[in-house]
Amino acid sequence: MTNSNDSLDNQNPEIWQMRLYVAGQTPKSLTAFANLKKICEEYLNGKYQIEIIDLTQHPELAIEDSILALPTLVRKLPEPIKKIIGDLSNTEKVLVGLQIFSGMD
């Protein structure tokens, strides 16, 4: 039996896996996603995956990553897991929080 999602199932250390927890399509949620996308494009050169989890539709998923505030970004890979709460508008804080040092001194 073959798996059509081999590239997703193999935990490639080159790929940063991000999970953004939001509460619907609020301005803060949309801003957080836009900021995350911009940072990933600029610093991770397309080597990332973003999963958006809307807790208004799936509140039970908050338990897995112990989500207490929204929006919350969880970096699943590379380990260790990192969390950042807020709209991700402070790029420097996000880069430090996620330990993205590419292009930085």
Side-chain angles (χ1 to χ4, degrees):
M1 185 165 142
T2 60
N3 185 344
S4 62
N5 290 328
D6 283 338
S7 62
L8 294 177
D9 291 340
N10 294 336
Q11 293 187 351
N12 184 344
E14 299 278 326
I15 301 294
W16 289 61
Q17 293 183 2
M18 313 282 188
R19 187 176 284 170
L20 182 62
Y21 288 90
V22 297
Q25 299 272 324
T26 65
K28 196 169 188 177
S29 296
L30 296 172
T31 299
F33 176 69
N35 288 333
L36 176 59
K37 182 93 169 146
K38 180 181 175 188
I39 289 167
C40 287
E41 283 296 314
E42 187 171 340
Y43 294 94
L44 298 178
N45 301 317
K47 295 180 180 179
Y48 65 91
Q49 296 173 338
I50 299 172
E51 180 182 7
I52 306 293
I53 297 182
D54 185 344
L55 293 180
T56 63
Q57 296 177 7
H58 302 285
E60 71 281 3
L61 296 178
I63 296 167
E64 182 179 338
D65 286 316
S66 302
I67 302 304
L68 302 175
L70 295 173
T72 295
L73 173 64
V74 178
R75 183 190 81 186
K76 301 295 274 183
L77 289 175
E79 291 185 335
I81 292 173
K82 298 287 182 182
K83 294 182 186 177
I84 299 176
I85 297 170
D87 67 6
L88 312 175
S89 59
N90 184 331
T91 301
E92 185 176 337
K93 181 179 175 186
V94 174
L95 294 174
V96 170
L98 293 178
Q99 296 181 331
I100 298 174
F101 303 113
S102 176
M104 297 180 63
D105 289 309

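- Identified under the salt bridge (Lys or Arg N to Asp or Glu O under 4.0 Å) test for residues 49-64, with sequence neighbours left out: Arg19-Glu51, Arg19-Glu64, Glu64-Lys76.
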Practice item. Check the pair Thr91, Ile39 against side chain to side chain contact (heavy atoms under 4.5 Å, CB included), reporting the backbone distance first and the verdict last. Key: CA-CA 7 Å; Thr91 301; Ile39 289 167; 4.0 Å; yes

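- Inter-residue side-chain proximity for Glu79 and Leu77 is flagged as met; some heavy-atom pair is nearer than 4.5 Å.
- With hydrogens and angles disregarded, no donor-acceptor distance shorter than 3.5 Å links the side chain of Asn45 to the backbone of Lys47.
- Between atom CD of residue Glu14 and atom CG of residue Leu44 there is a gap of 11.0 Å, rounded to the nearest 0.5 Å.
- Distance check, rounded to the nearest 0.5 Å: OH of Tyr21 to OG of Ser29 gives 14.0 Å.
- Here the closest heavy-atom approach between residue Ala32 and residue Leu20 is recorded as C-CD2, 4.1 Å.
- Side chains of Leu95 and Ile100 form a contact here, defined as non-hydrogen atoms less than 4.5 Å apart.
- Taking 4.5 Å as the limit, some side-chain heavy atom of Phe33 sits within range of a side-chain heavy atom of Ile52.
- Taking CG from Leu68 and CD1 from Ile85, the interatomic distance works out to 7.0 Å, rounded to the nearest 0.5 Å.
- A heavy-atom distance below 4.5 Å is found between the side chains of Lys37 and Tyr48.
- Sorted by first and then second residue, the salt bridge (Lys or Arg N to Asp or Glu O under 4.0 Å) pairs involving residues 80-90 (not counting sequence neighbours) form an empty list.
- Summarising the geometry, atom CD1 belonging to Ile67 is positioned 8.0 Å from atom CD1 belonging to Ile53; distances are rounded to the nearest 0.5 Å.
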Check your understanding: Where do Met18 and Val74 land on the side chain to side chain contact (heavy atoms under 4.5 Å, CB included) test, with the steps shown first?
Key -> CA-CA 6 Å; Met18 313 282 188; Val74 178; over 6 Å; no

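- The backbone N or O of Ile84 sits nowhere less than 3.5 Å from a side-chain atom of Arg75 that would complete a donor-acceptor pair.
- Contact annotation: the side chain of Leu98 approaches that of Leu73 to within less than 4.5 Å [non-hydrogen atoms, C-beta and beyond].
- Here CG of Leu36 is found 4.0 Å from CD1 of Ile50. Values are rounded to the nearest 0.5 Å.
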